[in-house]
Each structure stands twice: as structure tokens, then as C-alpha cells.
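To keep things clear, I will list the structure first and then write my remarks on it.
Protein chains get the first letters and strands the later ones, always in sequence-line order, with residue 1 at the start of each. Bear in mind that the values here come from a model prediction, so they are computed numbers and not experimental data.
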2 protein chains.
Amino acid sequence: MGVTKTIYYTSEQNELAAIAKALAHPARIAIIDYLLKVNKCICKDIVNELSLAQPTISQHLKELKSVGLIQGSIEGTAICYCINHKTVGLLQAYILKIATQLKCEDTNCC
Amino acid sequence: MGVTKTIYYTSEQNELAAIAKALAHPARIAIIDYLLKVNKCICKDIVNELSLAQPTISQHLKELKSVGLIQGSIEGTAICYCINHKTVGLLQAYILKIATQLKCEDTNCC
DNA sequence: TATATTTATCGTAATATTGCAATATAATTA
DNA sequence: TAATTATATTGCAATATTACGATAAATATA
């Protein structure tokens, strides 16, 4: 008990849930927002921007990276992070699918 | 420790994280997928569709409802659920904002 | 009114998440 | 090579999530 039964769902459902989970924290939304603003930055910049300790930011970046929402490349002692448009596109396609398939335009459809 | 510091983020960031959190489970994605297919249904239908107990489905529906992704109305002894297009629109707008603001089209931007 | 039907709530066990201090790692610079 | 800089990892405490049996609540039906 307490364990998500991933085997019961499709791989697409599991993947989308994983991407949503990566965005399911205001700090990680704030990181995405900041990356959108500055295009690319290093971990230290985010530590300066948000009110969280360096290990906490590092952990959040790891989670965003693990689902492919961001990517990082080594630049000297630092690591440069940016948003991965491919994963954003995947998410966008799903939300668009929901929006277009919605037959009920009423606020009270049932 | 262990508590999300919501005060440090904007209300928009907190709201988006809450909507993402509601989608951060394959069972809830599966519920949305099912609702998309059948347009509207009752809790019992989802219990028959997914491999989860009734209290578990009820809990998942509660979470989707709490962020406004779905809505329910009483129909006799049952409750009819459907997707709320307003909240979907809110999410769509955010993803679209990310997609359009993305300056880096390369797979390796940094 | 008793029974059936449908959903919600409560309580609880197992597991996951969050945040950070301490520390490790890895590349650069003096 | 020693010190510096930037990030990752480890370990831990506090809290949250997930799942379900038992049960409550609310409406419909016989």
C-alpha cells in the first residue's frame, strides 16, 4: 500500500504523470519561469534567485532533468541549464488533445 | 523540512504547481483520458475501468476536483463527473507561453 | 420503512517528497 | 599542487501521498 501501481497504466499515461510530477512543485515552476526569462543559466544563479539552499535547488534540477524538461551541459566548473523544447512539446500536445477533444463547452455539462 | 515553502512563490506559480500535482499520477491521467473518451461518467464507471478500489478512485476524483480540473453534479444516488474546460485552458495557456517564449530551438542550446 | 445503490470519509500502513547540513566531486585558478 | 568555485550526493527529520478495508451518508426503490 502506498505504492503507485504503474503497471496498470499505459506508458504514455505514466510518462505524462512523470512530467506533471516534475512540475508539481512551485520551486520547479519558478525554475522554469526563470529559465524562460534568462534563456539559460547555471545552478548558482537559481540559488541566488530562489529562497532555497544549494542542495535543494540541485535536487529540483535533477528532477526536472530526469523527465527531460531541462538539459544541462558542463561549462567549466559550472553546469549550464536550459529548457528542452522537445518535452515541452510533448506536454503541449497532450494538453491540446484534451482541449480539442472536449465536447462540453458549458461550465455545467453534467 | 519536508514542507513546501509556498510563501516564496507567486500565486500563479503555486496554482500551476497544484494543477500539475493533480495530474502527477497515472491513475488521474487515466481518469482524464477516460472522461475525454466518454465525455461524462459516474465514479462507479471509473472503478470498473481502472484497477483500483472505490475509495481510492473517490480520493483521486477529489484531488482532480479540488484544483478544478473536473466538476461533479448530483444525479440521483450517483455523481456525474466531467472535465472543466476552464482549468484546462489555464494549463494550456501556460504551456503555450513556455513553448512560444522558448528562444532556443536547438537540442543543445548550452 | 427496509433494502439497494452510489459515493465519501476515517483510520492506518507503506512509501515518497521536501529541505538542508555535511561532505564529496570535479574543474579552474593562483 | 593548494585553494577556489560550482555542483552533486548522502543522510536524516518532518511531512505528504497512495491505497484500501471498514464504515458512514445520501438518495432511490421495493
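- The residue among A:H60 and A:G76 whose nearest nucleotide of DNA chain C lies closer to the 5′ end is A:H60.
- Rounded to whole angstrom, the span from the CD1 atom of A:I31 across to the P atom of C:dT18 amounts to 11 Å.
- Between the CG atom of A:L23 and the C1' atom of C:dT17 there is a distance of 16 Å, given to the nearest Å.
- Residue B:E63 has its side chain nearest to D:dT18 when only D:dC20, D:dT18, C:dG19 are considered.
- Computed from coordinates, the A:I74 CD1 to C:dT25 P distance equals 16 Å when rounded to whole Å.
- Spacing between atom CG of A:N48 and atom C1' of D:dA6 amounts to 12 Å, rounded to whole angstrom units.
- Legend: residues meeting side chain to side chain contact (heavy atoms under 4.5 Å, CB included) with B:S58, ordered by chain and number and at least two apart, are B:Q54.
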Requested in this report: Please lay out, stage by stage, how A:L23 and A:L91 fare under the test side-chain contact (heavy atoms from CB on, under 4.5 Å).
Outcome: CA-CA 11 Å; A:L23 292 171; A:L91 195 59; 3.6 Å; yes
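- Regarding contacts with the backbone of D:dT17, every side-chain N or O of A:K21 stays at 4.0 angstrom or more from both OP1 and OP2.
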Report, one line per pair, each donor and acceptor closer than 3.5 Å where one atom sits in a side chain of residues 92-99 of chain B; sequence neighbours left out.
{"from": "B:Y94", "atom 1": "OH", "to": "A:D33", "atom 2": "OD1", "distance (Å)": "2.8"}

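- By the side chain to side chain contact (heavy atoms under 4.5 Å, CB included) test, B:S66 is found to be paired with no residue, residues two or more places apart in sequence or in another chain being considered.
- Here ring-ring contact (aromatic ring centres under 6.0 Å, His included) pairs that include residues 36-65 of chain A, with residues two or more places apart or in two chains, are A:H25-A:H60.
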Enumerate the protein-to-nucleotides 5-8 of chain C contacts in which both atoms are nitrogen or oxygen and the separation is below 3.5 Å.
{"from": "C:dT6", "atom 1": "OP2", "to": "B:K44", "atom 2": "NZ", "distance (Å)": "3.2"}
{"from": "C:dT7", "atom 1": "OP1", "to": "B:C43", "atom 2": "N", "distance (Å)": "2.8"}
{"from": "C:dT7", "atom 1": "OP2", "to": "B:K44", "atom 2": "N", "distance (Å)": "2.6"}
{"from": "C:dA8", "atom 1": "OP1", "to": "B:Y81", "atom 2": "OH", "distance (Å)": "2.5"}
{"from": "C:dA8", "atom 1": "OP2", "to": "B:S58", "atom 2": "OG", "distance (Å)": "2.8"}
{"from": "C:dA8", "atom 1": "N7", "to": "B:Q54", "atom 2": "NE2", "distance (Å)": "2.8"}
{"from": "C:dA8", "atom 1": "N6", "to": "B:Q54", "atom 2": "OE1", "distance (Å)": "2.9"}

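- Rounded to whole angstrom, the span from the NE2 atom of A:H25 across to the P atom of D:dT17 amounts to 11 Å.
- The NZ-P distance, from A:K62 to C:dC20, rounds to 17 Å in whole Å.
- With sequence neighbours excluded, the residues forming a side chain to side chain contact (heavy atoms under 4.5 Å, CB included) with A:Q59 are A:E63, listed by chain and number.
- D:dT18 atom P lies 14 Å from atom CG of B:L50, rounded to whole Å.
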